[in-house]
Amino acid sequence: MTLFVLASASPARLLVLRNAGVEPVVRVSGVDEDALTAQLGDDAAPEDVVVTLAQAKAEAVIGEFDDAVVVGCDSMLSIGGALQGKPHTVDVARERWATMAGGSGDLLTGHAVVRVSGGRVVATAAECSSTTIHFAEPSTEDLEAYLASGEPLSVAGAFTLDGLGGWFVDRIEGDPSSVIGIGLPLVRRLLIDVGTSLADLWAREGVRSADQ
């Protein structure tokens with residue numbers, strides 16, 4: 001029965017995992033995403049950026065555990081090949097929505113899974129998922145109300161699928177859980193790559209079938 005660690009402060013990622021039958025141990029990595037992105041440089045492929053950030057987050061907390069599977073994630077919106085992380089301010093979020101409204105972008109989420117046994121890393125797996133988001137054109141009044149809510153300031157691409165921002169997403173092409181922040185289908189495959197299964201995690205959580 002494997003200890004599952006989420007190296008993220010994201011409440012959305014935590015909720016996705018809880019709804020999927022896993023109660024992870026949460027450890028916030030403290031990785032400076034903006035600094036690491038700048039260090040990678042403008043020539044880095046968008047997929048490589050989000051995967052590198054995810055790996056950094058997982059690696060930042062693995063020293064706390066002797067036997068665990070640690071998962072790190074990072075999401076950014078790619079529009080025209082340009083990556084957009086968290087806007088942090090209303091002005092930046094407003095500028096991004098001016099570009100996004102009525103158009104589309106690719107929500108890239110890097111995932112890194114690290115298996116720790118006996119206090120050392122025994123396996124790692126990492127990959128990026130991509131989901132295309134088609135955005136609506138919110139009215140000025142609605143957009144300003146959304147910006148005033150504060151929600152888009154601290155999320156990749158200045159929108160959410162599972163919150164207030166869902167009103168402004170016309171459709172998606174891909175995995176919705178990945179857009180929320182952690183792609184369950186991809187994490188399942190990465191768990192297999194590091195020698196762990198959902199059955200291991202569910203056994204630890206005491207998940208039972210409906211007829212038990």
Side-chain angles (χ1 to χ4, degrees), residues 6-24 26 28-29 33-34 37 46-47 49-51 53-54 57 71-112 127-190 198:
L6 176 63
S8 172
S10 166
R13 290 186 181 119
L14 178 58
L15 184 58
V16 169
L17 291 171
R18 283 177 171 168
N19 287 340
V22 177
E23 183 66 42
V26 175
V28 180
S29 67
E33 300 172 25
D34 294 336
T37 300
E47 294 82 359
V49 172
V50 293
V51 169
L53 287 167
K57 292 177 180 180
V71 177
C73 300
D74 189 83
S75 300
M76 290 191 182
L77 184 68
S78 176
I79 295 184
L83 282 178
Q84 299 182 356
K86 300 170 184 175
H88 299 301
T89 70
V90 169
D91 288 342
V92 172
R94 184 182 292 110
E95 290 174 3
R96 291 185 181 176
W97 267 98
T99 301
M100 293 156 49
S104 63
D106 297 317
L107 199 287
L108 306 177
T109 300
H111 299 70
E127 196 173 323
C128 175
S129 62
S130 177
T131 301
T132 300
I133 315 296
H134 297 272
F135 296 102
E137 294 188 64
S139 67
T140 300
E141 180 183 11
D142 287 346
L143 179 58
E144 289 303 318
Y146 183 46
L147 297 175
S149 76
E151 181 187 87
L153 307 188
S154 58
V155 291
F159 81 100
T160 64
L161 181 62
D162 57 332
L164 300 179
W167 292 99
F168 309 127
V169 175
D170 280 343
R171 68 185 191 279
I172 69 170
E173 298 170 34
D175 170 27
S177 62
S178 180
V179 178
I180 296 172
I182 182 166
L184 296 179
L186 178 52
V187 171
R188 176 181 53 80
R189 296 194 297 271
L190 296 180
L198 290 177

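Small disclaimer: the values here were computed from a predicted structure and weren't measured. Atom set for the values below is all heavy atoms of this structure, side chains included, hydrogens, waters and symmetry mates excluded.
Put simply, the side chain of Ser177 gets close to the backbone of Leu184: a donor and an acceptor are under 3.5 Å apart. With hydrogens and angles disregarded, no donor-acceptor distance shorter than 3.5 Å links the side chain of His111 to the backbone of Leu186.
Side chains of Val51 and Glu127 form no contact here, defined as non-hydrogen atoms less than 4.5 Å apart. Looking at Leu14 and Pro24, their side chains come closer than 4.5 Å, going by heavy atoms from C-beta outward. Side-chain contact between Val71 and Cys73: present, with at least one pair of heavy atoms (C-beta onward) separated by less than 4.5 Å. For the pair Asp142/Phe168, a side-chain contact is recorded, criterion being any heavy-atom separation below 4.5 Å from C-beta on. Inter-residue side-chain proximity for Ile182 and Thr109 is flagged as unmet; no heavy-atom pair is nearer than 4.5 Å.
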Distance-only donor-acceptor hits, side chain of residues 149-164, under 3.5 Å, sequence neighbours excluded:
from, atom 1, to, atom 2, distance (Å)
Ser149, OG, Tyr146, O, 2.5
Ser149, OG, Glu151, N, 3.2
Glu151, OE1, Tyr146, OH, 2.7
Glu151, OE1, Thr160, OG1, 2.8
Glu151, OE1, Leu164, N, 3.3
Glu151, OE1, Gly165, N, 3.0
Glu151, OE2, Leu164, N, 3.0
Thr160, OG1, Gly163, N, 3.2
Thr160, OG1, Gly165, N, 3.3

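Legend: residues meeting side-chain contact (heavy atoms from CB on, under 4.5 Å) with Val49, ordered by chain and number and at least two apart, are Thr37, Leu40, Ala44, Leu53, Met76, Leu83. With sequence neighbours excluded, the residues satisfying salt bridge (charged side-chain N to carboxylate O under 4.0 Å, His left out) with Glu33 are Lys57, Lys86. Partners of Ser8 according to the side-chain contact (heavy atoms from CB on, under 4.5 Å) rule, which considers only residues two or more places apart in sequence or in another chain, are Leu6, Ser10, Arg13. With sequence neighbours left out, Arg94 forms a salt bridge (charged side-chain N to carboxylate O under 4.0 Å, His left out) with Asp91, Glu144. With sequence neighbours left out, Val92 forms a side-chain contact (heavy atoms from CB on, under 4.5 Å) with Pro87, Thr89, Arg96.
When all heavy atoms of Gly174 and Thr131 are compared, the pair lying nearest together is CA-CG2, 3.6 Å. Across all their heavy atoms, Leu107 and Leu77 have their closest contact at N-CD1, 3.9 Å. When every heavy atom of Asp175 is checked against every heavy atom of Gly183, the shortest pair comes out as OD2-CA, 3.2 Å. Residues Gly110 and Ala54 share a closest heavy-atom pair of O-CB, 3.4 Å.
Taken from CG in Asp170 to CD in Glu137, the straight-line distance is 9.0 Å, to the nearest 0.5 Å.
Thr132 and Asp106 share a donor-acceptor pair across their side chains, judged by distance under 3.5 Å alone.
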